[in-house]
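Single-structure report; data block below.
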Amino acid sequence: MATPPSLGPLEIRTPDDLPRASASYIFWMMAANFGISMAFVVPLSFSLAVRIDELAPGHEEVLGYVTGTAQTIYLVLSPLLGVWSDRTRSRLGRRRPFLLAGLVLGLAALVGIAVAPSLLLVGAGWILAMLGWATASQAILNVQADRIPEAQRGKIGGLTGLTGQIAPIVGIGITTAVTGNTFLVFVLPGVVGAVLLGVFLVVGKEDDTRGAVHTTPVSVRTLASSYVFDPRKYPDFGWNWLGRLMFFMGLYCNTTFTTFFYAQRLDLPVREVAGAATVIGVLGVAAAALGAIGGGFLSDKLRRRKLFALVGALFFVAGALVEAFAYSFPVLMIGSVLMQLAIAFFSAVDQAIVLAVLPSREEAGRYMAVVSFAHKLPSAIAPLIAPFVIGIGASGGDKNYTLLYLTGAVLALIGGSLVFTRVRSVR
């Protein structure tokens with residue numbers, strides 16, 4: 001049975017004091033992250049597009065409105081969930097109740113979306129699915145903040161990024177075999193996610209926190225403050241937050257409409273995009289692995305983080321430029337591989353930087369929720385802005401995806417540059 005590093009219920013250790021996490025604990029944590037990513041990202045990148053195309057053919061902008069609305073609602077709730085998690089006192093610990101709740105809500109919502117007869121119900125279902133799986137994903141990051149020592153954070157960040165990238169590729173590959181069955185397209189990835197997360201809940205024990213003492217009372221002011229931080233007091237946390245936000249704004253500009261983008265550039269029906277996306281995705285796995293190793297393992301070895309974040313941004317720019325002007329499968333494949341490499345580089349190292357500049361580990365849930373703003377804000381804003389960008393200069397039924405991908409490249413470069421030049425306390 002996987003055993004986490006020991007941590008007393010009243011004790012918050014510094015990163016240097018934490019014992020190394022065992023290989024088995026890391027394996028099952030990464031398996032859980034893989035499952036959550038599959039259940040969460042496959043609908044976001046493929047299944048929702050298929051469902052919306054069934055209910056409203058030719059209105060792909062609805063995808064942006066549905067995903068953007070759900071992201072906005074979760075964005076508002078996530079700091080409150082973070083504070084709640086920090087203060088949870090239970091036999092299961094602080095984080096496991098949120099993993100379990102996210103699993104149940106997320107899986108039930110995916111089933112609901114699969115059978116929903118209207119766009120309104122699909123949108124409501126995705127709000128609940130997002131709330132469930134995103135809460136579970138955030139809880140995994142909180143566990144890392146609680147349990148992973150500084151010496152392992154680059155590796156864990158790399159593996160988290162790698163499993164997060166591979167999972168949707170595998171998930172889309174699975175759904176390719178059942179694209180004619182909308183119910184299975186949604187539910188199969190969710191079941192895989194539920195099983196893997198369930199195993200981690202069983203084997204990845206967390207200390208009993210029922211005896212822990214609340215250090216501060218909950219008040220309206222406390223809850224309001226959970227949404228913000230003072231960048232003057234924590235400048236490195238602030239600059240990294242801004243750089244992360246800009247990078248992910250570029251990322252979501254270039255990934256929200258991937259299914260429709262491939263369909264337009266390859267002249268394919270939306271349902272037939274899954275096969276091409278799977279082939280491209282499988283090739284991207286090798287690039288993601290290289291990025292995770294280069295960004296995570298090497299940053300631990302060399303004790304340098306920021307350089308790899310900048311390299312990730314530069315790779316992203318290269319991939320976005322290639323895809324912006326791609327009109328054939330081989331060129332799209334090259335651009336996608338470059339972007340997979342970029343995301344792995346940046347995500348692995350920036351996660352390690354986040355954990356290094358976290359203002360308080362006692363309030364890790366709160367501050368990780370604030371960090372998630374830099375991820376979730378772009379995922380809420382970009383899908384709402386992107387429909388207007390692709391409409392600029394659009395002719396006939398063809399959207400202006402070239403402009404969208406160029407916009408994403410500029411934003412990602414700004415983000416990587418901010419992390420590299422402005423964060424001072426991390427090499």
Side-chain angles (χ1 to χ4, degrees), residues 1-9 11-37 82 85-86 88 92-96 98-99 136-164 196-197 199-201 203-207 209 236-237 240 244 292-305 308-309 344-372 375 425-427:
M1 180 175 292
T3 303
S6 176
L7 182 63
E11 182 182 6
I12 302 296
R13 299 185 182 178
T14 65
D16 292 334
D17 291 336
L18 289 169
R20 293 179 67 87
S22 68
S24 60
Y25 185 72
I26 292 172
F27 174 83
W28 288 113
M29 180 191 290
M30 292 303 102
N33 189 67
F34 178 92
I36 293 170
S37 298
S85 177
D86 288 336
T88 294
L92 297 177
R94 295 196 295 173
R95 314 306 183 188
R96 291 171 76 207
F98 289 85
L99 290 169
S137 179
Q138 190 64 35
I140 288 287
L141 295 179
N142 292 341
V143 169
Q144 293 178 17
D146 292 342
R147 303 293 192 179
I148 304 301
E150 172 62 27
Q152 289 182 294
R153 286 179 174 175
K155 177 173 72 173
I156 296 298
L159 291 173
T160 301
L162 179 60
T163 53
L196 293 176
L197 178 53
V199 173
F200 180 64
L201 281 168
V203 303
K205 298 295 185 182
E206 186 179 354
D207 292 328
T209 58
D236 283 350
F237 185 77
N240 190 74
R244 187 181 181 90
I293 293 171
F297 287 70
L298 285 179
S299 71
D300 278 347
K301 184 74 173 178
L302 301 176
R303 298 182 180 275
R304 295 182 67 90
R305 310 287 195 198
F308 292 102
F345 255 101
F346 185 89
S347 298
V349 179
D350 193 66
Q351 182 176 322
I353 294 173
V354 164
L355 296 178
V357 300
L358 207 63
S360 168
R361 292 189 64 252
E362 185 177 359
E363 297 181 286
R366 170 202 166 181
Y367 283 108
M368 291 302 291
V370 172
V371 169
S372 77
H375 189 177
S425 62
V426 179
R427 291 186 64 200

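Note that the structure is a prediction, hence the values are computed from the model and not measured.
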- Query: What pair of heavy atoms forms the shortest contact from A136 to L99, and how long is it?
  - Reply: O-CD2, 3.3 Å
- Could you state the interatomic distance from CD1 (I156) to CD1 (I148), rounded to the nearest 0.5 Å? 4.5 Å
- Message: Tell me whether the rings of F200 and Y25 are parallel (<30°), tilted (30 to 60°) or perpendicular (>60°).
- Response: tilted
- Task: Kindly indicate, with the supporting measurements, whether the criterion side-chain contact (heavy atoms from CB on, under 4.5 Å) is fulfilled by K155 and I26.
- Result: CA-CA 10 Å; K155 177 173 72 173; I26 292 172; 4.2 Å; yes
- Nearest atoms (heavy-atom pairs only) where A309 meets F346: O-CD1, 3.4 Å
- To the nearest 0.5 Å, what is the distance between CG (L196) and CD1 (I36)? 9.5 Å
- For T163, check side-chain contact (heavy atoms from CB on, under 4.5 Å) against everything at least two apart and list the hits. M30, N33, F34
- Message: Testing the basics here: between G164 and S37, what is the closest heavy-atom pair and its distance to 0.1 Å?
- Response: CA-OG, 3.4 Å
- Query: Within the side chain of D236, is there an N or O that forms a donor-acceptor pair under 3.5 Å with the backbone of S425?
  - Reply: yes
- Query: Any side-chain heavy-atom pair from V354 and R244 closer than 4.5 angstrom?
  - Reply: yes
- Query: Taking all atoms of both residues into account, what is the closest heavy-atom pair of P149 and A21, and its distance?
  - Reply: CD-N, 4.4 Å
- Message: Using every non-hydrogen atom in the two residues, find where Q144 and M29 come nearest and quote the distance to one decimal.
- Response: CG-SD, 3.6 Å
- Test salt bridge (charged side-chain N to carboxylate O under 4.0 Å, His left out) applied to R305 - qualifying residues, sequence neighbours left out: E150, D300
- Query: Quick one: does R96's side chain have a donor or acceptor within less than 3.5 Å of a partner on L201's backbone?
  - Reply: yes
